[in-house]
**Q** 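Dumping the structure here so I can ask a few things about it.
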Amino acid sequence: MKIAVLIKQVPDHEALVRVKSEQELDIENRYVCSFFDEIAIEAALNIRKNHPESEITAISAGGKKAVDALRRAVALGIDQVEHLGDESLEMADNCYLAYVLAERLKAIQPDLIICGKQAGDDDFAATGPMVAEYLNIPHVSAVVSLGSDADANQVTLGREVEGEIWYLESNFPLLITAEKGLAEPHVPVVMRVMKAMRAQIPGIPLNELDLKDKKQQGRLRRLRYTVPPERADVAMMREPYPQNAAELIEHLKKNGVI
Amino acid sequence: MMCNEIWVIAEIRQGRLTRSTHQLLGAARKLADERNLQPAALLIGGEQVHAEELAQKIPLVLRIENSGLETYEAVRYAHALRQLIEKRGRPKVIMTAAGSSGVEFMPRVAMRCDSGYASYCVDLFWEGEEPACRRPVYGGKVYEELAISTVPAFFTVRPGVFPVPENLSETGRVETIPIDLPEDTGLRIIERKGISPGKKDLSEALCVVAGGRGMGTPENFKLLEKLAEVLDGAVGVSRAVVDAGWMPHDLQVGKSGKTVSPGLYIACGISGAIHHVLGMNTAKVVVAINKDPDALIFRNADYGLVGDALEVIPELIKAIKSKT
Ligand SMILES: Cc1cc2nc3c(=O)[nH]c(=O)nc-3n(C[C@H](O)[C@H](O)[C@H](O)COP(=O)(O)OP(=O)(O)OC[C@H]3O[C@@H](n4cnc5c(N)ncnc54)[C@H](O)[C@@H]3O)c2cc1C
Ligand SMILES: Nc1ncnc2c1ncn2[C@@H]1O[C@H](COP(=O)(O)O)[C@@H](O)[C@H]1O
């Protein structure tokens with residue numbers, strides 16, 4: 001089976017991100033492979049355990065940061081990686097990025113494409129579904145389980161839909177996005193980390209793709225960044241237990257909360 | 001081809017229009033009024049009774065009909081919506097709730113229309129003649145405001161961010177629009193089960209009572225369930241509780257769980273790690289109950305109570321009962 005995993009380098013969860021000006025952010029220099037993308041990588045590796053003949057390719061599109069995500073993929077056990085495009089893609093909007101990825105995927109022809117549920121920077125949750133639409137293949141978002149019965153023809157998978165869990169069966173090709181629970185990312189072994197540091201990361205320039213259908217941007221226009229609204233100072237209950245409970249309910253009633 | 005409309009895709013759950021749908025009807029009417037557009041509700045699949053209920057709240061209801069739309073599936077929904085757009089022309093805006101289905105099918109349609117899409121919006125407004133949104137990025141550490149320059153503008157909106165409009169009263173009309181669907185999309189549903197049967201839907205609830213590791217044992221979550229019951233709320237949990245195997249992942253609130261925006265969020269025995277806070281900081285009123293007066297959660301709360309949650313919760317239940 002051929003599997004493609006789409007990954008992105010994003011600021012770490014713990015990194016400080018602040019508004020510098022309306023058009024600019026101050027981002028602490030701590031980048032990692034996006035949380036859900038590592039789950040996607042692990043899910044692909046799990047399939048390969050059952051189907052050792054599987055070929056996995058990890059792709060990351062964008063500027064130089066993408067190389068680091070791909071090194072991480074190598075460290076985790078992926079052998080084929082591709083750095084797609086260049087810095088110009090950082091300005092592109094989500095439709096165009098999905099289009100570029102999809103055009104490359106057309107050449108690879110994977111049976112299964114795995115993305116993260118959403119990227120840790122823009123939190124769009126859009127790339128996967130958009131790639132699937134462009135390739136005209138079905139997709140399922142936020143998948144929490146993949147059947148180990150996956151064979152060359154079909155796969156069963158589970159996902160949460162508003163308080164229910166649905167089990168679906170799908171033919172290939174298929175695209176899924178990885179939700180927490182789909183796989184548990186492992187810590188890479190030192191040997192692989194060393195290998196990843198030395199690895200040549202092949203690049204595919206945009207002019208090798210046939211890109212003329214869509215314009216690069218103009219669908220979304222960023223007006224400004226803003227600071228999240230702040231909560232007023234907390235009001236602490238003063239009464240000792242057990243009166244503090246009644247005091248709290250009093251506050252909530254008085255302010256029409258309950 | 002364009003049409004001067006704003007579409008809200010209605011959601012039905014357990015046979016009823018969701019609260020988010022009502023919220024979005026209000027938001028769509030306001031946006032439409034500001035630019036002299038026609039607000040319309042879209043019912044994909046759904047029954048005539050729901051169409052009629054919607055018509056009491058909005059002037060136009062477009063009911064997309066095909067027996068293949070009875071159960072939700074992204075590819076079919078995307079097909080249905082695309083055909084409606086072809087038949088009626090491109091509306092200015094299409095919006096729906098950012099639930100697990102909304103964020104799944106909307107980007108597909110946006111891609112097909114080659115138009116702008118923004119997810120998890122917390123506000124919608126006009127920037128000149130362009131529809132625009134505010135949305136959290138970097139896990140909610142900052143917000144961005146985006147205008148969509150292409151038509152239609154696609155938005156998914158976080159449940160709970162708009163108020164439920166109070167007195168929408170209309171005698172709207174219902175148009176039924178038949179569409180075709182592909183026979184087989186390659187996907188088949190083989191089983192559906194409730195993960196937490198009988199529990200309220202976390203993302204829709206007006207009140208969320210959440211418990212963390214400080215609750216001590218899985219059994220103690222029964223207490224939270226009782227509190228949730230008297231407040232007509234849903235139970236949420238922190239990741240520590242899911243990792244310990246005390247409660248299922250579908251109840252997890254936070255960065256790698258659900259994002260909730262209820263009117264009231266009560267955090268019991270939750271330390272307030274950023275990953276948790278990112279999932280609940282758009283709640284209107286936050287109450288924190290924690291043993292540790294220095295717990296981070298108090299910095300993200302409106303009301304704080306320092307104490308043992310296991311002692312305080314029964315008192316809260318008593319106090320609520322005695323006052324109603
Ligand atoms: C990539 C990543 C993603 C994550 N995503 C999420 C997420 O989606 N959601 C999430 O919740 N976490 C998430 N986390 C984990 C998060 O960082 C915290 O570890 C987690 O939220 C802690 O859970 P907790 O507050 O229940 O437990 P703890 O941090 O152990 O806190 C327990 C609290 O309970 C208090 N306490 C103890 N006993 C009592 C008592 N009897 N009465 C009252 N208070 C008491 C303590 O003072 C303490 O503050 C994520 C972490 C990472 C690295
Ligand atoms: N530049 C990129 N290169 C490769 N994959 C990406 C890129 N951006 C997003 N993706 C994939 O799409 C998922 C969702 O991203 P987003 O739509 O930005 O939230 C990510 O988790 C990745 O799997």
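Sequence lines set the chain letters: A, B, ... in the order given, protein chains first and strands last, and positions in each chain run from 1.
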**Q** Answer yes or no: is there an ion pair linking B:Lys141 with A:Asp123, defined by an N-O contact shorter than 4.0 Å?
**A** no
**Q** Over all heavy atoms of both residues, which pair between B:Val142 and A:Val17 is shortest? Give the atoms and the distance, please.
**A** CG1-O, 3.8 Å
**Q** Could you state the interatomic distance from NZ (A:Lys214) to CE (B:Met111), rounded to the nearest 0.5 Å?
**A** 4.5 Å
**Q** Measure distances from B:Tyr72 to the heavy atoms of chain A and classify the residue's part below 4.5 Å as side chain, backbone, both or neither.
**A** both
**Q** Taking the side chain from B:Arg299 and the backbone from A:Arg231, do they hold a donor-acceptor pair closer than 3.5 Å?
**A** no
**Q** Is B:Arg76 in contact with chain A via its backbone, its side chain, both, or neither, using a 4.5 Å heavy-atom distance?
**A** neither
**Q** If I measure from the heavy atoms of chain A, does B:Val286 come under 4.5 Å with its side chain, its backbone, both, or neither?
**A** both
**Q** Does a sphere of radius 6.0 Å around CD in A:Gln23 hold more than 12 heavy atoms from other residues, nucleotides or ligands, not counting ones at 6.0 Å or beyond?
**A** yes
**Q** Closest approach of A:Pro11 and B:Tyr138, non-hydrogen atoms and distance?
**A** CG-CE2, 3.5 Å
**Q** Using a cut-off of under 4.5 Å on heavy-atom pairs, state which of A:Ala142, A:Gly181, A:Ala132 scores highest against chain B.
**A** A:Ala132
**Q** Identify which of B:Ile189, B:Thr150, B:Asp302 forms the greatest number of heavy-atom pairs closer than 4.5 Å to chain A.
**A** B:Asp302
**Q** Given a strict heavy-atom distance threshold of 4.5 Å, which part of A:Ile27 is in contact with chain B: side chain, backbone, both, or neither?
**A** side chain
**Q** Pick from A:Val227, A:Leu248, A:Val19, A:Thr127: which one has the most heavy-atom pairs with chain B under 4.5 Å?
**A** A:Leu248
**Q** Do A:Tyr167 and B:Lys193 have side-chain heavy atoms sitting under 4.5 Å apart?
**A** yes
**Q** Among B:Ser115, B:Gly263, B:Ala288, single out the residue with the greatest number of heavy-atom pairs under 4.5 Å to chain A.
**A** B:Ser115
**Q** What are the two closest non-hydrogen atoms of A:His139 and B:Ala74, and how far apart are they?
**A** CE1-CB, 4.0 Å
**Q** State plainly whether the residues B:Asp114 and A:Arg219 are in salt-bridge range, i.e. N to O under 4.0 Å.
**A** yes
**Q** Side chain from CB out, backbone as N, CA, C, O: work out which of these in A:Arg238 comes under 4.5 Å of a heavy atom of chain B, or both, or neither.
**A** neither
**Q** Do you know the tightest heavy-atom contact between A:Phe124 and B:Ala118?
**A** CE2-CA, 3.8 Å
**Q** Taking non-hydrogen atoms and a cut-off under 4.5 angstrom, which of residues 30-40 of chain A neighbour chain B?
**A** A:Phe35, A:Phe36
**Q** Quick check for you: among A:Pro240, A:Pro138, A:Ala125, A:Gly128, which has the greatest number of heavy-atom pairs under 4.5 Å with chain B?
**A** A:Pro138
**Q** State, yes or no, whether a side-chain contact exists between A:Leu168 and B:Glu73 at a heavy-atom distance under 4.5 Å.
**A** no
**Q** Pick whichever of B:Val306, B:Leu278, B:Leu146 has the most heavy-atom pairs under 4.5 Å with chain A.
**A** B:Leu146
**Q** Mind checking whether A:Glu22 and B:Glu145 have side chains closer than 4.5 Å, heavy atoms only?
**A** no
**Q** Need one label for A:Leu220: side chain, backbone, both or neither, based on atoms under 4.5 Å from any heavy atom in chain B.
**A** both
**Q** Between A:Tyr241 and chain B, with a heavy-atom cut-off of 4.5 Å, which part of the residue counts as in contact: side chain, backbone, both or neither?
**A** side chain
**Q** To the nearest 0.5 angstrom, please state how far the CD atom of B:Glu315 sits from the CD atom of A:Glu247.
**A** 13.0 Å
**Q** Highest number of heavy-atom pairs under 4.5 Å with chain A: which of B:Val122, B:Ile148, B:Leu202, B:Val151?
**A** B:Ile148
**Q** If you count heavy-atom pairs under 4.5 Å with chain A, which of B:Gly116, B:Gly304, B:Cys207, B:Pro314 comes out on top?
**A** B:Gly304
**Q** Is any side-chain N of the basic residue among A:Arg221 and B:Glu127 closer than 4.0 Å to the acidic one's carboxylate O?
**A** no
**Q** Is chain B contacted by the side chain of A:Val140, its backbone, both, or neither, given a heavy-atom distance below 4.5 Å?
**A** both
**Q** Quick one: what part of B:Thr185 sits under 4.5 Å from any heavy atom of chain A, side chain, backbone, both or neither?
**A** backbone
**Q** Less than 4.5 Å to any heavy atom of chain A: does that hold for the side chain of B:Ala301, its backbone, both, or neither?
**A** both
**Q** Tell me if a side-chain donor or acceptor on B:Glu104 pairs with a main-chain N or O of A:Ser141 at a distance below 3.5 Å.
**A** yes
**Q** Tell me, side chain or backbone of B:Gln252 under 4.5 Å from chain A's heavy atoms, or both, or neither?
**A** side chain
**Q** So which part of B:Ala98 gets closer than 4.5 Å to some heavy atom of chain A, the side chain, the backbone, both or neither?
**A** neither
**Q** Who among A:Val10, A:Val144, A:Ile137 has the most heavy-atom pairs with chain B under 4.5 Å?
**A** A:Ile137
**Q** Are there residues of residues 90-99 of chain A that reach to under 4.5 Å of chain B by heavy atoms, and which ones?
**A** A:Asn94, A:Cys95, A:Ala98, A:Tyr99
**Q** Rounded to the nearest 0.5 Å, what separates atom NZ in B:Lys255 from atom CD in A:Gln118?
**A** 6.0 Å
**Q** Given heavy-atom pairs under 4.5 angstrom as the criterion, report whether the side chain, backbone, both or neither of B:Arg108 touches chain A.
**A** both
**Q** What part of A:Asp233 gets closer than 4.5 Å to chain B, counting heavy atoms only: side chain, backbone, both or neither?
**A** backbone
**Q** Name the option with the most non-hydrogen atom pairs under 4.5 Å to chain A; the candidates are B:Glu11, B:Met106, B:Arg82, B:Arg134.
**A** B:Arg82
**Q** Tell me, side chain or backbone of B:Glu204 under 4.5 Å from chain A's heavy atoms, or both, or neither?
**A** neither
**Q** Measuring heavy-atom distances to chain B, does A:Asp12 have an atom under 4.5 Å in its side chain, in its backbone, in both, or in neither?
**A** backbone
**Q** In terms of heavy-atom proximity below 4.5 Å to chain A, should B:Leu231 be classed as side chain, backbone, both, or neither?
**A** side chain
**Q** Measure the NZ-OG distance between A:Lys117 and B:Ser100 for me, rounded to the nearest 0.5 Å.
**A** 9.5 Å
**Q** Using the ring of each side chain (for Trp, its six-membered ring), is A:His13 parallel, tilted or perpendicular to B:His275, with breaks at 30° and 60°?
**A** perpendicular
**Q** Say you draw a straight line from CD of A:Glu179 to NE2 of B:His249; how long is it, rounded to the nearest 0.5 Å?
**A** 5.0 Å
**Q** Can you name the nearest heavy-atom pair linking B:Leu305 to A:Met236, along with the distance?
**A** N-CE, 4.4 Å
**Q** Which heavy-atom pair separates A:Lys253 from B:Ile320 by the least distance, and what is that distance?
**A** NZ-O, 4.3 Å
**Q** Between B:Val287 and chain A, with a heavy-atom cut-off of 4.5 Å, which part of the residue counts as in contact: side chain, backbone, both or neither?
**A** side chain
**Q** Is it the case that the side chain of A:Ser170 and the backbone of B:Leu187 share a donor-acceptor pair, with hydrogens and angles ignored and the cut-off at 3.5 Å?
**A** no
**Q** Against chain A, label B:Val75 side chain, backbone, both or neither, depending on which of its atoms sit under 4.5 Å from a heavy atom there.
**A** side chain
**Q** About how many Å separate CZ of B:Arg188 and CG of A:Asn171, when rounded to the nearest 0.5 Å?
**A** 4.5 Å
**Q** Which region of B:Ser256, side chain (C-beta onward) or backbone (N, CA, C, O), has a non-hydrogen atom less than 4.5 Å from a non-hydrogen atom of chain A, or is it both or neither?
**A** both
